[in-house]
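Right, one structure below, let's go through it.
Chain letters run A, B, ... following the sequence lines, proteins first, then strands; residues in each count from 1.
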Amino acid sequence: MPELPEVETVVRELRPLIVGKTIDRVEAIWQKTFVDQAGLSLSGQIIQKIDRRGKFIILVLNRSYLIVHLRMTGRLSLSNGQGDLSDLPHLRCLIQFKDGSRLLFEDMRKFGRIYHVKEVEEVLKNVGIDALDTHLTFEHFYDYLKNRKMGVKAFLMSQKWIAGLGNIYTDESLFLAKIHPEQTCDQISPGQGRKLFTAVQEILHRAVENMGSTISDYRDAYGNPGRNQLYFKVYRRAGKPCFACGALIEKKKVAGRGTHFCPQCQKLRGSK
DNA sequence: CTAATCACCTGAAGGC
DNA sequence: TGCCTTCAGGTGATTA
């Protein structure tokens, strides 16, 4: 479900709602959802701030961290504590605050996780720089690309170098940059690389402005869907005409995922 | 190092 | 109506 823009939307919405709240207790309704590796109590700790890196949400507490990953169908929302929890069949974890309100984690498919750790790196050690981090320059980006024999879609999706892109925004970025998803990284020229770098930023910024994309499950912290799906150029448009050239959009499995691209605009290139 | 497959889960959609 | 297969905004482990 959520990629960087959806996670960013949730973080921005939750920030004014939960920063400053004191935790009373955490209840795991589905055991596997909550992974406690901190070895200290959550009770009495105050949420100092809420941040994000890639698709991870980081709650900074006094003496430890809660790190949330929504995976495919996870949702976070704040409840005033009055509602009936039995109305929420997919509730997996609940963070009860001293003021009576609570942060709910619902997740139909049970892939999502909430980690309680003493150090952020315990969870994020293999996660690269955030795709919208202002410290990420083109030179930096191209250094990651240039000697890699991996396909560019797999590279963008991996999270290891650049974090935040998932299946939707990878396909949309590659279309905007006119690069074939199976293009090998080391065959991407500096000029193409520059186009890809700016395409990624443009696609992600626009998606954040549109409060993310909703295909079926994603909802923000208020339960609202995003509207960026209205602007997809290739994602889920297989068999439809390309907006740029009219050729039919293709779909094939690349890097293990359903991948959408225009065979005319995004040609595989053999050399630089 | 890179790619492919499976595993983890539930539910929706399409074919017959 | 119902059964069966496939697919889904993700990622981690394991196997070639």
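In this structure, A:R237 satisfies the cation-pi test against A:F243, with its NZ or CZ atom closer than 6.0 Å to the six-membered ring centre and inside 45 degrees of the ring normal. Within the cation-pi definition used here (under 6.0 Å to the ring centroid, within 45° of the axis), A:R194 qualifies as a partner of A:F138.
Extent of DNA chain B lying under 4.0 Å from chain A heavy atoms, first and last nucleotide in 5' to 3' order, is B:dT2 to B:dG11.
Of the P atoms belonging to C:dC7 and B:dA4, the separation is 16 Å, rounded to the nearest Å. Rounded to whole Å, the C1' atom of C:dT6 lies 16 Å from the corresponding atom of B:dC6.
Listed by residue number, A:Q159, A:G166, A:N167, A:I168 are the residues of residues 151-169 of chain A with a heavy-atom contact under 4.0 Å to DNA chain C. Within residues 106-131 of chain A, the residues that place at least one heavy atom under 4.0 Å from DNA chain B are, in residue-number order, A:M108, A:R109, A:K110, A:F111. DNA chain B lies under 4.0 Å from no heavy atom of any residue of residues 206-233 of chain A. Near DNA chain B, meaning a heavy atom under 4.0 Å from it, residues 26-36 of chain A has A:W30, A:K32 in order of number.
Within 6.0 Å of atom NZ in A:K240, 12 or fewer heavy atoms from other residues, nucleotides or ligands are found, so the atom counts as exposed in its surroundings.
Remark: the A:T73 side chain and the A:D217 side chain contain no N/O donor-acceptor pair separated by less than 3.5 Å.
Aromatic ring orientation, A:W161 versus A:F155: parallel (interplanar angle below 30°, classes split at 30° and 60°).
In this structure, A:K251 places its NZ atom 13 Å from P of C:dT6, rounding to the nearest Å.
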Note to self: Could you write out DNA chain B as dot-bracket? Rules: Watson-Crick or G-U wobble, both distances under 3.5 Å, brackets [ ] for crossings, | for pairs with another strand, dot for unpaired.
What the structure shows: .|||||||.|||||||

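Put simply, A:H69 has a side-chain N or O that comes within less than 4.0 Å of OP1 or OP2 on C:dT11.
In summary, the aromatic rings of A:Y65 and A:H116 are positioned with their centroids too far apart to meet the 6.0 Å limit.
At the heavy-atom level, A:E6 lies nowhere under 4.0 Å from the strands shown.
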